[in-house]
Novice: 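Structure incoming, see below.
Counting begins at 1 with the first residue of the sequence.
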Amino acid sequence: MFLSRSLKGRLLLGLALIWLLVVTLVLGTSWHLGKKMVHETNMAHLRYTATLLADEVTQQVEDRFQALGRLQVMLGVSDDTDWISYQLRQNDGLLAWFEGIVVANGDGRIIADWPAIVGRVGLETAELEYFQMLRGTRQPYVSEPFIGRASGLPAVLISVPRLTEEGEFAGFVGGIISLDAGGLFNRLAKVRLGAKGYAGVASASGKVLYHPDGSLINSSVPSKDFNPWLDLALDGWEGDGVGKLLDGQTALQSYAQVWPASWIVGLYLPIEQAQLPLTNFIQKLWWLWASLALLMLPVLWWMIGRELAPLKHLEKQIGEVGLGQRENVSLATNMQELQQVAGTFNRVEEERQELLGHLQEREAFLDSVLNAVPQGMFVANIKGDITYMNPALLEMLGISADVPMATWLKQIHADDSAGARDMWLHSLRTGSDFIRQLRFLRSDEELLWLDLHARVVMISQDGLTLGLVGVVKDITERRQQEAIQRWEAEHDPLTGLLNRRGFERRLEEAFADFQKTSTPSALLLFDLDHFKPINDEGGHALGDEMLRRIAQVVAWEVRRSDHVARQGGDEFGVLLPSCTLSQARKIAESLRLAVGDVSVTHQDKKYTVTLSIGVTTFNELDSHVDDVLARADAGSYEAKDKGRDGVVVNIPPTNNGEVALFDSP
């Protein structure tokens, strides 16, 4: 608090703030650049590691394909179970890569396995996805993960087809790999990406094959909305990005494909962990700079105090001038800035004394003039504070002369206050006239519309501003009459909706916005089906009642930003700004259903109407709103031709000139 009251303290505080700003900018720039470098470095590392791991897994899958291929060549296409079982036992070394080996015939029935598991021989696989893929593609294939019968653990089947010399499918030879204990992902388990980074593998169908959290194996990967990068990788994309993990952390992610197995290898490194070294470094720099600043404060305080000593003498002399003890100030200092201040003060003081000699005389004359004028008038000083209001203005505003300015300023309407204040300050700065219309709420709650015109009073010889003199007129009655006339000119007196003129003006404005910013807008045109019998049998009063009810329903169903119009008779229009064609179609359907429930009764007979609605949107090929109106009108006629009580969407023409119509029952 003390620092903010003295110039010395403010200078010291300013230097401290500049120091803080510089430190903040330097550290902020360092953080930004360092974060970018850390991001690029870690992303490049993840990209390289992901590619390396994918290549290793690819090689392991291909090695297993080759091993099974050699076994398939050895077995041939024989279905001799004993001979095949003997050959499987002779190739016992394959169990280093597989938890089990199975052989199936061309019908998909397992005819041999090793090691032998009760119930596996004779198992039918013809309906399983991997058998159908092998039979269809006749290429090596890796199955989707499944739960093993014997182990109860998640596993996949790597298999190769058995083919005759003619290339006919004769079954398959498959190797079972456990996803929990198989050596296929041993390399992934050893990957270390700090404390929280990890690697994972998923199938292209979205099943987790490997994850440090074993409980997630064979579960589905997160949804597209949660992790769009992983969703892209499932479609064959390779690359990197930034996204969220299951625990909510944001992480660097990199994906590579294991093409032979249709698998995806993903590496994940939380950004918080990647940036931890940089964060620690920035924190150390911050404390170093803060300590240096604290050491410099006493030195700066002493230096500033020494430089500002002449100001104390200037302050003392100015006080003596104010008390009349001396006529001007005189400083014995070589500081040019203070000498300039002293010279300027002496010149201003001389001018002030000269002006004071004439001020009382002019004020007396002005008071007499203003008190006699029946028009509301006021006077403001050069700061913009209103120092005088004549009796006519006080009576107009319903306030007394002793009410503070801050009190009655609050009675200016909130929507007009800020704009009037800005214009008032602009007039004070530039010397231009203040012209404004605003609303004022009297103490008796009467709302006035006031017209203010104030002019800056200046001394012509020097161009100095003395203040402002203004005139205030009560234009409440005129504004009310203008508002009524504007409303009546654009609204239908029966329904209160827009009339054709008001609707076309808003349509022109929306079309202009569309041409400038391509903001989509939709148009609905409809008239009432079966309305004529209401007028003929019940009279125009009953018809008018139906029109009023329909207007209320339509206005209720659309959005507050939409414009509803009765263009004449039973013809209506709805303009839907910022609305797509599909949204407009839904709104049209809701209008059709809502109006269908409206009814009037005459002599125990109930009358209802339906709507034939044409819907369209603005199009870049439209040259005028008449093009849009014509499309919507054509859609309405099309709805009538199709039996009425319907919605026809008239899609705008394309560049080749084609037009499409879609109807709804």
Side-chain angles (χ1 to χ4, degrees), residues 322 348 351-488:
V348 171
E351 294 173 354
R352 186 179 70 88
Q353 293 297 333
E354 182 180 352
L355 290 173
L356 286 175
H358 303 285
L359 182 60
Q360 292 180 348
E361 190 176 307
R362 294 186 177 185
E363 284 184 346
F365 177 76
L366 181 61
D367 287 343
S368 299
V369 172
L370 294 178
N371 286 330
V373 173
Q375 187 77 36
M377 299 189 69
F378 64 89
V379 177
N381 59 24
I382 58 175
K383 296 180 180 179
D385 298 329
I386 295 179
T387 58
Y388 173 83
M389 291 190 288
N390 71 346
L393 180 57
L394 293 173
E395 182 180 357
M396 181 189 304
L397 301 182
I399 60 176
S400 59
D402 57 352
V403 175
M405 178 178 172
T407 300
W408 60 260
L409 280 178
K410 296 178 181 178
Q411 295 177 237
I412 297 176
H413 196 283
D415 293 341
D416 301 334
S417 178
R421 180 179 180 276
D422 292 342
M423 181 62 73
W424 183 256
L425 295 176
H426 174 75
S427 298
L428 291 172
R429 287 194 303 267
T430 62
S432 59
D433 286 6
F434 174 81
I435 302 174
R436 192 79 176 183
Q437 292 183 357
L438 53 80
R439 288 162 288 181
F440 184 88
L441 184 64
R442 287 168 48 101
S443 300
D444 58 4
E445 302 300 325
E446 180 183 358
L447 184 66
L448 302 179
W449 268 101
L450 304 178
D451 180 77
L452 285 76
H453 188 173
R455 177 164 294 177
V456 176
V457 179
M458 307 180 69
I459 298 178
S460 59
Q461 59 182 4
D462 296 323
L464 297 177
T465 300
L466 295 179
L468 296 95
V469 175
V471 178
V472 182
K473 297 180 181 179
D474 183 355
I475 58 170
T476 306
E477 184 177 351
R478 189 183 79 190
R479 288 298 297 254
Q480 291 174 346
Q481 186 63 33
E482 290 174 353
I484 293 173
Q485 291 174 351
R486 284 196 303 270
W487 191 92
E488 289 177 345

Novice: Which atoms form the tightest heavy-atom contact between S427 and S432, and what is the distance?
Specialist: CB-O, 3.3 Å
Novice: Residues two or more places apart in sequence or in another chain: which of them pass salt bridge (Lys or Arg N to Asp or Glu O under 4.0 Å) with E446?
Specialist: R442
Novice: Side chains of M377 and V469, heavy atoms from C-beta outward: is any pair under 4.5 Å?
Specialist: yes
Novice: Tell me, do L450 and L397 make a side-chain contact under 4.5 Å, heavy atoms counted?
Specialist: yes
Novice: Passes side chain to side chain contact (heavy atoms under 4.5 Å, CB included), D415 versus R439? Steps please.
Specialist: CA-CA 9 Å; D415 293 341; R439 288 162 288 181; 3.5 Å; yes
Novice: Taking side chain to side chain contact (heavy atoms under 4.5 Å, CB included) as the definition, give me every residue that meets it alongside D422, ordered by chain and number, with sequence neighbours left out.
Specialist: none
Novice: Supply the atom-to-atom distance I412 CD1 to L441 CG, rounded to the nearest 0.5 angstrom.
Specialist: 11.5 Å
Novice: Could you please spell out the steps behind the side chain to side chain contact (heavy atoms under 4.5 Å, CB included) verdict for W449 and F440?
Specialist: CA-CA 6 Å; W449 268 101; F440 184 88; over 6 Å; no
Novice: Please assess F378 against V472 for the test side chain to side chain contact (heavy atoms under 4.5 Å, CB included), listing each intermediate value before the final yes or no.
Specialist: CA-CA 8 Å; F378 64 89; V472 182; 3.8 Å; yes
Novice: Taking all atoms of both residues into account, what is the closest heavy-atom pair of A454 and W424, and its distance?
Specialist: CB-CZ3, 4.3 Å
Novice: Is a side-chain N or O of T430 found less than 3.5 angstrom from the main chain of H426, in a donor-acceptor match?
Specialist: yes
Novice: Assess the residue pair I399 and M389 against the criterion (side chain to side chain contact (heavy atoms under 4.5 Å, CB included)); give the C-alpha distance rounded to whole Å, side-chain angles, the decisive distance to 0.1 Å, and a yes or no.
Specialist: CA-CA 10 Å; I399 60 176; M389 291 190 288; 3.4 Å; yes
Novice: Is any side-chain heavy atom of L452 closer than 4.5 Å to one of V471?
Specialist: no
Novice: Could you give the distance from CD (E395) to CG (N390), rounded to the nearest 0.5 Å?
Specialist: 10.0 Å
Novice: For A401 and L394, which heavy atoms make the closest approach, and how far apart are they?
Specialist: CB-CD1, 3.9 Å
Novice: Please report the closest heavy-atom contact between M396 and K473, naming both atoms and the distance.
Specialist: SD-C, 4.5 Å
Novice: Identify the heavy atoms of D433 and R455 that sit nearest to each other, and give their distance.
Specialist: OD2-NH2, 3.1 Å
Novice: Just so I know, are the side chains of I386 and L409 near enough to count as touching, which here means a heavy-atom distance under 4.5 Å?
Specialist: no
Novice: Considering residues, nucleotides and ligands other than Q437, do more than 12 of their heavy atoms fall under 6.0 Å from its CD?
Specialist: yes
Novice: Could you tell me which non-hydrogen atom of A420 sits nearest to which non-hydrogen atom of F434, and how far apart they are?
Specialist: O-CE1, 3.6 Å
